[in-house]
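Comments concern the structure below.
Chain letters run A, B, ... following the sequence lines, proteins first and then strands; every chain starts at 1.
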Number of protein chains: 2
Amino acid sequence: MIREFDSLVSTGTPLEVLKAKCATCSMHQLCLPMGLDNDDMDRLDQIIGRRRKVTRGSTLFRIGDPFQNLYAIRLGHFKAYQVNRDGVEQITGFQMAGELLGMDAISTDLHHCTAVALEDSEVCEVPFGSLQQLLADMPALLRHFHRMMSQEITREQSVMLLLGNMQATQRFAAFLVNLSSRYEARGYSPHTFQLRMSREEIGNYLGLTIESISRLLSKFKKEGLLRVSNREIELLDPVRLKAITAGTHSCN
Amino acid sequence: MIREFDSLVSTGTPLEVLKAKCATCSMHQLCLPMGLDNDDMDRLDQIIGRRRKVTRGSTLFRIGDPFQNLYAIRLGHFKAYQVNRDGVEQITGFQMAGELLGMDAISTDLHHCTAVALEDSEVCEVPFGSLQQLLADMPALLRHFHRMMSQEITREQSVMLLLGNMQATQRFAAFLVNLSSRYEARGYSPHTFQLRMSREEIGNYLGLTIESISRLLSKFKKEGLLRVSNREIELLDPVRLKAITAGTHSCN
DNA sequence: CGGACCTTTGAGTATTTTCAAATGCGGTGG
DNA sequence: CCACCGCATTTGAAAATACTCAAAGGTCCG
């Protein structure tokens, strides 16, 4: 990687672009280029379109938009939501750096959800046509791409489990534990983190109302499970939190 | 297709195997070989392992099983469920002929759900290693495989919407409408069909109790929306059923 | 400092669950 | 052929969880 760094600098590549290469991206162990050698990573870099900034609250793509690109999140957080025929939103996921947005659009070439940045973020545009050509040529990339799609299927199944037969307390505990482990996987503290989404968004995602979320936060606080200050969360008893996730038995 | 049929017969291929070829399978317009030309379909046929019968109630694969094969359903119905740490089941989907089972296992090489036949069924074993090699070589197959995975993501998102912010009545209506359209896509009557799953399984899938399902059936029956006799269902007013799916407003 | 917005908390309500009992269906054996 | 048994389903009544509505309290930002 050092070698590559040098060669890029020597050819006068602007620093902007340099920083944006997969090889130097802190997410390359989680993201699409995971496990690729340097040559393959270069080829992936070459098909990636723009590295785009998405400001807080702005929309990356919208339901019904034609599908052109997948988006790899370099930095920041997103929410993805579906909309009922009633116009009611249902958030289907919160995505963070290293995760891929837009995979649900492959089936019909139209986006099935809307993706909105929860904070100022950056994404890599991955033109899907080009990616598919590359996939045929790079078994490692093919394998990992399939893993990422499969992982999304698995994640959604877990949410179905959560929504289908967990109580409010369990759901919220599971939500916190999930965030915690994802931050840990990214090298951040699993105990202290900022919620990037509002109480309302959490409630929407978990199939609960904003009031329920607020009450659950108060309850967990009172029980010494966590400390909250606005969106700053500190998990004080991850073990018990995980236990609550498992069953209703331990939560009164 | 006729030509192929002839050539197979002339080479003395047993009828058993003949019937099992993708080209002669009634599901090839929905299943993996969708859109493939005859040559490509042959290549796909060649990697397919066994065409296996799965008797009612028996398990195709189980959570934690090592992942070897995807399974294309030729005939019959399956349920796929996850299990909580409590041992509580959550059915994540009901699959029918033409659909693919096991895609959630790609991410970790372990199955994340258990698949059980709801009636005597038949599946084609698709060894995933071989499939991946083929994918690199057959753009059309690659494309369709991605569509199928993406479709599964989309389907699960719809279930999240259903579980996250629909009421019991809406959920059950949505369930019936969904079954109806899938039978229609397979050339069966969209109005009259047999439920292959018990009331309990429906309830589990929809995040409701068996009693609620029973009550909803009675309610719909009383409102002239459908006729029920055991597992035989006749939808009498699909339009109103769809309307109920959309919003709570029209159902008292 | 003021205002908009988000969050918290309380009280009453509603939907769905739980628990219990009755009904119906299919299969088995007298 | 009919009675009986087991199992799935239906129905009823009480209970619980989470929601709705309302108001108060905080926080952020101009």
Side-chain angles (χ1 to χ4, degrees), chain A residues 55-57 79 86 88-91 118-120 162-175 194-223 226-233 244 247-252, chain B residues 56-57 79 86 88-91 118-119 162-175 194-223 226-233 244 247-252:
Chain A
T55 58
R56 175 183 174 147
K79 66 171 172 179
D86 279 347
V88 184
E89 291 181 13
Q90 168 70 40
I91 295 175
L118 295 174
E119 61 183 332
D120 289 353
L162 180 146
L163 293 173
N165 65 39
M166 286 187 186
Q167 308 248 310
T169 315
Q170 284 178 280
R171 289 186 203 184
F172 188 53
F175 172 73
Q194 264 225 351
L195 298 173
R196 318 296 163 128
M197 63 294 285
S198 67
R199 308 281 193 269
E200 183 161 19
E201 286 166 333
I202 297 172
N204 182 301
Y205 178 60
L206 297 178
L208 301 169
T209 58
I210 180 175
E211 293 96 331
S212 293
I213 300 300
S214 189
R215 280 184 244 274
L216 286 165
L217 268 172
S218 302
K219 184 177 146 196
F220 282 4
K221 204 160 50 178
K222 193 157 35 180
E223 290 174 0
L226 47 74
R227 243 193 296 246
V228 206
S229 165
N230 301 321
R231 294 192 173 186
E232 191 70 31
I233 290 273
I244 291 173
T248 323
H249 317 304
S250 55
C251 59
N252 310 300
Chain B
R56 175 181 175 148
K79 66 172 172 179
D86 280 347
V88 184
E89 290 182 11
Q90 168 70 39
I91 295 174
L118 294 174
E119 60 182 333
L162 180 146
L163 293 173
N165 65 41
M166 286 188 186
Q167 307 249 337
T169 314
Q170 282 179 281
R171 290 186 202 183
F172 188 54
F175 172 75
Q194 262 227 348
L195 298 173
R196 318 298 163 125
M197 63 294 286
S198 66
R199 307 281 193 269
E200 184 162 19
E201 286 166 332
I202 297 172
N204 182 301
Y205 178 61
L206 296 178
L208 301 169
T209 58
I210 179 176
E211 292 95 333
S212 293
I213 300 299
S214 187
R215 279 184 245 273
L216 285 165
L217 268 173
S218 302
K219 186 178 145 195
F220 282 5
K221 203 160 49 177
K222 191 155 39 178
E223 291 174 359
L226 47 75
R227 246 193 293 245
V228 206
S229 165
N230 300 323
R231 295 191 171 187
E232 192 70 31
I233 290 274
I244 291 173
T248 322
H249 317 304
S250 55
C251 58
N252 311 300

Of the nucleotides [options], which has the atom closest to the [X] side chain?
X: B:Q167; options: C:dC19, D:dT9, C:dT15; value: C:dT15
X: B:R199; options: D:dT20, D:dT9, D:dT27; value: D:dT9
X: A:S218; options: C:dG26, D:dA18, C:dT8; value: C:dT8
X: A:E211; options: D:dT10, C:dT17, D:dT20; value: D:dT20

Using whole Å, what does the distance between atom [atom2] of nucleotide [N] and atom [atom1] of [X] come to?
X: B:L217; N: D:dA8; atom1: CG; atom2: P; value: 17 Å
X: B:E232; N: D:dT9; atom1: CD; atom2: C1'; value: 17 Å
X: A:R231; N: C:dC6; atom1: CZ; atom2: C1'; value: 9 Å
X: B:E201; N: D:dT9; atom1: CD; atom2: P; value: 9 Å
X: A:N204; N: C:dT7; atom1: CG; atom2: P; value: 13 Å
X: B:L206; N: C:dT17; atom1: CG; atom2: P; value: 10 Å
X: B:I210; N: C:dT23; atom1: CD1; atom2: C1'; value: 14 Å
X: B:L163; N: C:dT16; atom1: CG; atom2: P; value: 13 Å

- Task: Would you tell me if any nitrogen or oxygen in the side chain of A:S212 comes within less than 4.0 Å of OP1 or OP2 on D:dC19?
- Result: yes
- Is any side-chain nitrogen or oxygen of A:T209 closer than 4.0 Å to OP1 or OP2 of D:dC19? yes
Sidechain-backbone polar pair: [X] side chain, [Y] backbone, donor-acceptor under 3.5 Å:
X: B:Q170; Y: B:Q167; answer: yes
X: B:N165; Y: A:N204; answer: no
X: A:R199; Y: A:E211; answer: no

- Message: Nearest heavy atom decides the nucleotide; on that basis, is A:M166 or A:N230 closer to the 5' end of DNA chain D?
- Response: A:M166
- With nearest nucleotides of DNA chain D determined for B:S214 and A:G207 from heavy-atom distances, which residue corresponds to the more 5′ nucleotide? B:S214
- Message: Does atom CD (A:E200) have a neighbourhood of more than 12 heavy atoms from anything else shown, all under 6.0 Å?
- Response: no
- Could you check whether B:I213 gets within reach of a base, just the sugar-phosphate, or nothing at all, counting any heavy atom under 4.0 Å? nothing
- Message: Any N or O donor-acceptor pair under 3.5 Å from the base of C:dC5 to the side chain of A:E200?
- Response: no
- Query: Per the atom types in the model, does the base of D:dT20 pair as donor or acceptor with the side chain of A:R215 at under 3.5 Å?
  - Reply: yes
- Message: Given B:E119, which partner from the list B:K79, B:R56, B:R196 fulfils the salt bridge (charged side-chain N to carboxylate O under 4.0 Å, His left out) test?
- Response: B:R196
